[in-house]
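Please read these numbers as outputs of a predicted model, since none were measured by experiment. To find a chain, count down the sequence lines: A is the first, B the second, and so on, and within it residues start at 1.
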There are 2 protein chains.
Amino acid sequence: MPDILKELEPVFYPKSIAVIGASADESKNGSQFLGALLQAGYRSSLYGVGRGGGTSHGLPLYPDLRSVPGPVEYVIISVPREAVLEVIDDCAAKGVKAVQLFTAGFRESGTEIGRRLEAELVAKARQAGIRVIGPNCIGVYNPSMRISYGPLARVSAPGHIGFISQSGGHGGRLIEHGLDRGVDLSKLVSFGNGADLDSADFLEYFGADPETKIIGAYLEGLGRPRRFLALAREISPHKPIVIWKGGRTDVGAEAAASHTGALRSSYAVWQGAMRQASVIPAESIEDLADMFVALESIGPAPVRSVAVISGIGGGGGGESVLGSDAFAGAGFQVPRFSDATRRAIEVLLPAVGTILRNPLDLGGVTPRPAALESVIKLVFADERIDMVVVQEHFQRLLRNLTPARVREMNSVMISAWRAQSKPLAVVAPAWATTEASMEVERALREAGVAVFRSFDAAARSFARASAYLARRGPA
Amino acid sequence: MPDILKELEPVFYPKSIAVIGASADESKNGSQFLGALLQAGYRSSLYGVGRGGGTSHGLPLYPDLRSVPGPVEYVIISVPREAVLEVIDDCAAKGVKAVQLFTAGFRESGTEIGRRLEAELVAKARQAGIRVIGPNCIGVYNPSMRISYGPLARVSAPGHIGFISQSGGHGGRLIEHGLDRGVDLSKLVSFGNGADLDSADFLEYFGADPETKIIGAYLEGLGRPRRFLALAREISPHKPIVIWKGGRTDVGAEAAASHTGALRSSYAVWQGAMRQASVIPAESIEDLADMFVALESIGPAPVRSVAVISGIGGGGGGESVLGSDAFAGAGFQVPRFSDATRRAIEVLLPAVGTILRNPLDLGGVTPRPAALESVIKLVFADERIDMVVVQEHFQRLLRNLTPARVREMNSVMISAWRAQSKPLAVVAPAWATTEASMEVERALREAGVAVFRSFDAAARSFARASAYLARRGPA
């Protein structure tokens, strides 16, 4: 096992956890961490610690860490900053391996006392051989261990995306966004001020972690830029790395300094360094998730040419123009079909109200699953086409057809796709979703189909994924 | 009344409508147009015409237009293209003022017969003094007349946005998107091939229409570029014009030619011409709606500086960085608050876990409506600030608070906003919405608050709206 995996095993796979700062008042942050771990179903030993005693979420609270009966490997700290150093002494006495601190008011506060406290905290922990995550962070999320993220009890199935977040809030939003759209993480860690363990350590960890195939990050700055970039260069030929940089404007960088004490750097310099390390850029939570979906779907070779199919359920003319603009604008070919493909499609579909070329407008005909299946098979079989993009307005279809018919249509699309190896993306615009429309979407995601909210999001994501694969070369 | 209003009165305010091509089979396009008009509640005389006779949606069907008992001002045609010329003869005999043709297979088909038929159709109609909308279009939507759009029966309250669409599908999606997010249209017209009435005619109409304050369009090309641009230059100082151009890439332009027979033009040339006419560019349905929301909310003066407020319900640090990057990146100032504002806020909010500057992170505290109201009033009152942007994760708030508490919070925000005159925008990220979250959103929209799905969408829309106002100068 690589050193870093062994070193951080107590962080991601702790055999026991104590939450310090829990209380009978279940609205307190410490109590919420404890309650979420219980609700998520963390399976090993879990202890609550709170000066006031009593119980929290049905668990007895110990007055301090030393009173906890069994060994404790990992500690979540949510106490006022004045109490933190004493808690670290307790952790040392107890033989704790690692701590995470929700407690804030350290370096990021911009005050002298905050800076001093952070330095003392780290010195004390290092002396006792305790690794520190934070302070000023939400900490670790690990679905395979049923370790929930802060107060958020929802935990997805274990996935293959490892995520490093310098913002606790963005980490939580990525988890929730992923739950909504079937983007599952292997692990996530929010590290706040990164006083001890920082983004470079976690990058190294995810580079070695066999559960992680794709690495993502939200970063506001780098504590050790050389180390981070050297690791990124080493890892990215094997695992794609996607990074959203917060604080790219002066005002944003100032906000980042208040947020996590991140040092300011020029965004142009950042971009250049990341490009050299083959890091894929992203711009928001949704954009990160779009990139993960594209990277999980794209297969081993870059996509150079796409077929755009619209008009399922009607109204596809304008959409075919939009789809073409989005993919051509992102650098893809939207080539003519081969003569054989075109002729075969002409047999299947009427000539009026349709556009029987690429982009293909299926026209105002109510979708017939058999015809749809044949058309999609033909398009996948055309050797000029690397990937198929289908637009589907789930809500409109559900208004005009029975849910069973919509399911049937997607089933034939999925089976046509599975019979071969090129990627399929579905574009499903929506401002307001319904339970029924989300069920249609979930079924596609569970089958492994890439789903986006716009042609533009699909095109930009597959363009970046393809550029990454082209640069990396055959795996 | 300007000539154009009089000329197109039978188009937008018809005293009687006949739908030709209806049938007892209610799944046919003609029957769907008829059914939607009935369901929408069109209040004047409505007739169904279908060779087969019988009834459709409970209305008796006349075998031809000449058999309809009363006068008919406007006719919706959905018959095979071979029957179109005969129908125009009937319209002439009946004294019809205007027709719209859903029928396709004309110029856009790229065939000689299609081109010839379209020319004959227009010649015949002109001879009889009949104006033509289409062919190959969905036609007119007018909420104030309860005239529904094609087969779509949903009609919003009458709004102030007039929309011209070269794509029937995009027109329908804009109406539905607007219904979802409270963006109401005065009128919309999809004109397909524009064989007679075209984008320039409708631009002139909306320029004169007292019900229309903002004009939007989806266009794939211009039939009469000089006329259109002259009108745009004349109208845009009084009413903002927002245009989404479809077919900006070569492939997209080819698709547009198949779609509506639009002529190809260089997108760079298009952009230059539109810029000179002070036309505001847009890039998608969502982007058009974002622009309409910004233009309806912005007030008379450009916005130059914004306050960004995040952290309602917690987790605002990363969001404050994101909001700053979005607005600073779009050219806005995100200035420091005045000393007086900052000191007053420091009295209201705790120092730890918050960021008490601009961008303002309200911190991990459960929102207290009274404190929120005071803070927002203080920020609006700061003379350095032109506009306030608040981020709210409706779904997360609804999970952590009672719906009544969320409503109360938004009510105090709305009342703080209404007590002064600067614009307020709410950013509400969502991949999947719920009925409860949409209710929160609707309440904000009904109060007149601008709602966006991302900081970036809000920033880019207000930046374009501000640039328009700055260029136009005081109204």
Heavy-atom pairs under 4.5 Å with chain B: which of [options] has the most?
{"options": "Ala289(A), Ser310(A), Gly318(A)", "result": "Gly318(A)"}
{"options": "Glu319(A), His393(A), Gln333(A), Arg248(A)", "result": "Glu319(A)"}
{"options": "Glu435(A), Glu176(A), Met438(A), Gln395(A)", "result": "Glu176(A)"}
{"options": "Gly246(A), Gly168(A), Gly247(A)", "result": "Gly247(A)"}
{"options": "Ala104(A), Gly169(A), Gly252(A)", "result": "Gly252(A)"}

query: Are any of the side-chain heavy atoms of Phe337(B) and Leu356(B) separated by less than 4.5 Å?
result: no
message: Heavy-atom pairs under 4.5 Å with chain A - which of Ile355(B), Thr433(B), Asp325(B) has more of them than the others?
response: Asp325(B)
task: Report the relative orientation of the aromatic rings in Tyr218(B) and His170(B); use parallel for angles under 30°, tilted for 30 to 60°, perpendicular for over 60°.
output: perpendicular
- prompt: So does Arg453(B) pair up with Glu286(B), basic N to acidic O under 4.0 Å?
  reply: no
query: Under the 3.5 angstrom rule, does the side chain of Ser305(B) hit a backbone N or O of Arg384(B) as a donor-acceptor pair?
result: yes
query: Is a donor on one side and an acceptor on the other found under 3.5 Å between the side chain of Arg181(A) and the backbone of Trp431(B)?
result: no
Atom group of Phe455(A) that falls short of 4.5 Å from chain B, counting heavy atoms: neither
message: Please classify the contact of Glu441(A) with chain B as side chain, backbone, both or neither, using a heavy-atom distance under 4.5 Å.
response: side chain
task: First locate atom OG of Ser454(B), then atom CD of Glu283(A), and finally report the distance between them rounded to the nearest 0.5 Å.
output: 11.0 Å
- line: The reported gap from CZ in Phe327(B) to CG in Leu322(B) (rounded to nearest 0.5 angstrom) is 10.0 Å
- prompt: Considering only heavy atoms, which portion of Arg173(B) lies under 4.5 Å from any heavy atom of chain A: side chain, backbone, both, or neither?
  reply: both
field: Segment of Ser324(B) engaging chain A (4.5 angstrom heavy-atom cut-off)
entry: both
